[in-house]
There are 2 protein chains.
Amino acid sequence: MSEPGLACCTPLSGTAMSAEQAEQVAPLLKALADPVRLRLVSLIASSASGEACVCDLNDAFDLTQATISHHLKVLHSAGLLDREKRGVWVYYALRPAALSAVANLFGTAVPA
Amino acid sequence: MSEPGLACCTPLSGTAMSAEQAEQVAPLLKALADPVRLRLVSLIASSASGEACVCDLNDAFDLTQATISHHLKVLHSAGLLDREKRGVWVYYALRPAALSAVANLFGTAVPA
DNA sequence: CGAAGGCATCGACAACCGTCGATGTCTGCC
DNA sequence: GGCAGACATCGACGGTTGTCGATGCCTTCG
């Protein structure tokens, strides 16, 4: 800890993020911080029905089905995606609340 | 690749993120996807002068000075922070362009 | 009931990440 | 010049991550 004798800069005023808040939001960003997962979310978001099945997502990448399933699980575990099984296929959809939590980080409102 | 014989869902219409765009933005998110770095950015952003010196940032965490320096280097390498040395002290400031690039991901405009 | 297909899980591997102590570099002061 | 302080860099370590092949589960169809 530096003594207050000499001040090198303003004492970090304002209201910074709390440690707990950082610990909460960081996993969301970590889940999104991957090119494949970013594209997965983007693909689902740009889908007309707002959801996408694994089979189509699988075709969009040059990766193994196991790898895509793993990335989807990461996004689902982070709370970013909802998972619904209908018959043989599994559909993933965006969870808007989680995305807005991240969007709030940058002082902006949710898109839609 | 699945045959188009049976459609399991809408064909992923809309305009999804390109692979190149994902590869560009993912490192920014990866740099932010850490509780310590998130708080570092928040501390700098909430500073009155818009910048902060390492000595004060160091005092805000229970981490070694080497670790804080490492995190600042990661943020600087990602283009999120500007680095300026003034005398004995080093000041880090936000680079708004990088933050807006991330904010645009969520379809929102830059805060300020 | 048996076969086929969609998806998840498992085990393994290399690569990367966060943290630390120790050391180096540079600046300003006595 | 020599010392002290601020910050960066180095080397090392355990833990995590992305990817794969192989396998298992479950649903549907014949």
Side-chain angles (χ1 to χ4, degrees), chain A residues 1-9 19 22-23 26-41 44 51-78 81-93, chain B residues 1-9 19 22-23 26-41 44 51-78 81-93:
Chain A
M1 308 298 178
S2 59
E3 289 299 317
L6 25 85
C8 61
C9 53
E23 300 272 355
L28 294 181
L29 287 174
K30 190 171 283 185
L32 288 172
D34 182 279
V36 175
R37 292 198 285 267
L38 220 46
R39 287 181 60 200
L40 281 172
V41 169
I44 297 174
E51 60 185 8
C53 81
V54 182
C55 59
D56 278 353
L57 294 173
N58 219 337
D59 293 356
F61 299 87
D62 273 342
L63 294 172
T64 310
Q65 174 262 329
T67 301
I68 298 295
S69 188
H70 162 69
H71 284 307
L72 288 171
K73 180 182 181 177
V74 170
L75 289 168
H76 176 62
S77 300
L81 292 185
D82 273 332
R83 182 179 181 277
E84 184 186 358
K85 179 165 186 173
R86 285 206 292 270
V88 193
W89 297 300
V90 173
Y91 293 79
Y92 282 94
Chain B
M1 308 302 175
S2 59
E3 289 300 316
L6 24 85
C8 60
C9 54
E23 301 272 355
L28 294 180
L29 286 173
K30 191 171 285 186
L32 288 172
D34 183 278
V36 175
R37 291 198 286 267
L38 219 45
R39 287 181 60 198
L40 281 172
V41 168
I44 297 174
E51 61 184 8
C53 81
V54 183
C55 58
D56 277 353
L57 295 173
N58 218 338
D59 293 357
F61 299 86
D62 272 343
L63 294 172
T64 310
Q65 173 262 331
T67 300
I68 298 296
S69 189
H70 162 69
H71 284 307
L72 288 171
K73 180 182 183 177
V74 170
L75 290 169
H76 176 62
S77 300
L81 292 185
D82 274 331
R83 182 180 181 278
E84 184 187 358
K85 180 164 186 175
R86 285 206 292 270
V88 192
W89 297 300
V90 173
Y91 293 78
Y92 282 94

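Everything numeric here is computed off the predicted structure, so don't read it as measured data. All chains are named by letter (A, B, ...) in the order of the sequence lines, taking the proteins before the strands, and each is independently numbered beginning at 1.
Between B/Leu72 and B/Tyr92, the shortest heavy-atom contact is CD1-CE1, 3.6 Å. Pairing each heavy atom of B/Ala33 with each of A/Leu29, the nearest pair is CB-C, 3.6 Å. Of all heavy-atom pairs between A/Ala78 and A/Leu28, the closest is O-CD2, 3.1 Å. The two residues A/Leu38 and A/Leu32 come nearest to each other via the heavy atoms CD1-O, 3.3 Å.
Rounded to whole Å, atom C1' of D/dC20 lies 17 Å from atom CZ of A/Phe61. To the nearest angstrom, P of D/dT9 lies 15 Å from NE2 of B/His71. Note: CG (B/Asn58) to P (C/dT19) measures 13 Å, nearest angstrom. The distance between atom CG of B/Asp59 and atom C1' of D/dC7, rounded to the nearest whole Å, is 13 Å. One interatomic measurement links the two molecules: CH2 of A/Trp89 to P of C/dA4, which rounds to 18 Å at whole-angstrom precision. Atoms CG (A/Asp34) and P (C/dA15) sit 17 Å apart, rounded to a whole Å. Between A/Ile68 atom CD1 and C/dA8 atom C1' there is a gap of 14 Å when expressed in whole angstrom units. For the pair B/Glu84 CD and D/dC7 C1', the interatomic distance rounds to 15 Å; values are reported in whole Å.
Position along DNA chain D of the nearest nucleotide to A/Ala33 versus A/Arg86 favours A/Ala33 as the more 5'-ward residue. Along DNA chain C, the nucleotide nearest to B/Val74 and the one nearest to B/Val88 differ in position, and the one closer to the 5' end is contacted by B/Val74.
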So which protein N/O to nucleotides 20-23 of chain C N/O distances come out below 3.5 Å?
unit_1	atom_1	unit_2	atom_2	d
C/dC20	OP2	B/Thr64	N	3.0
C/dC20	OP2	B/Thr64	OG1	3.1
C/dC20	OP2	B/Thr67	OG1	3.0
C/dC20	O5'	B/Thr64	OG1	3.1

(Q) Could you go through B/Glu51 and B/Arg86, starting from their C-alpha distance and side-chain angles, then the distance that decides it, and tell me whether this counts as salt bridge (Lys or Arg N to Asp or Glu O under 4.0 Å)? (A) CA-CA 12 Å; B/Glu51 61 184 8; B/Arg86 285 206 292 270; 2.6 Å; yes

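Between A/Tyr92 and the phosphate of C/dA8, there is a side-chain N or O to OP1/OP2 separation shorter than 4.0 Å.
Nearest to the side chain of B/Lys73, among D/dC26, D/dT28, D/dT9, sits D/dT9. Comparing atom distances between the A/Ser69 side chain and each of D/dC7, D/dG18, C/dA8 picks out C/dA8 as nearest.
For A/His71 and A/Arg37, the side-chain atoms include at least one donor-acceptor pair closer than 3.5 Å.
A donor-acceptor distance shorter than 3.5 angstrom exists from the side chain of A/Ser77 to the backbone of A/Lys73, with no hydrogens or angles considered.
When heavy atoms are screened at a 4.0 angstrom cut-off, A/Arg83 is found touching the sugar-phosphate backbone but no base atom.
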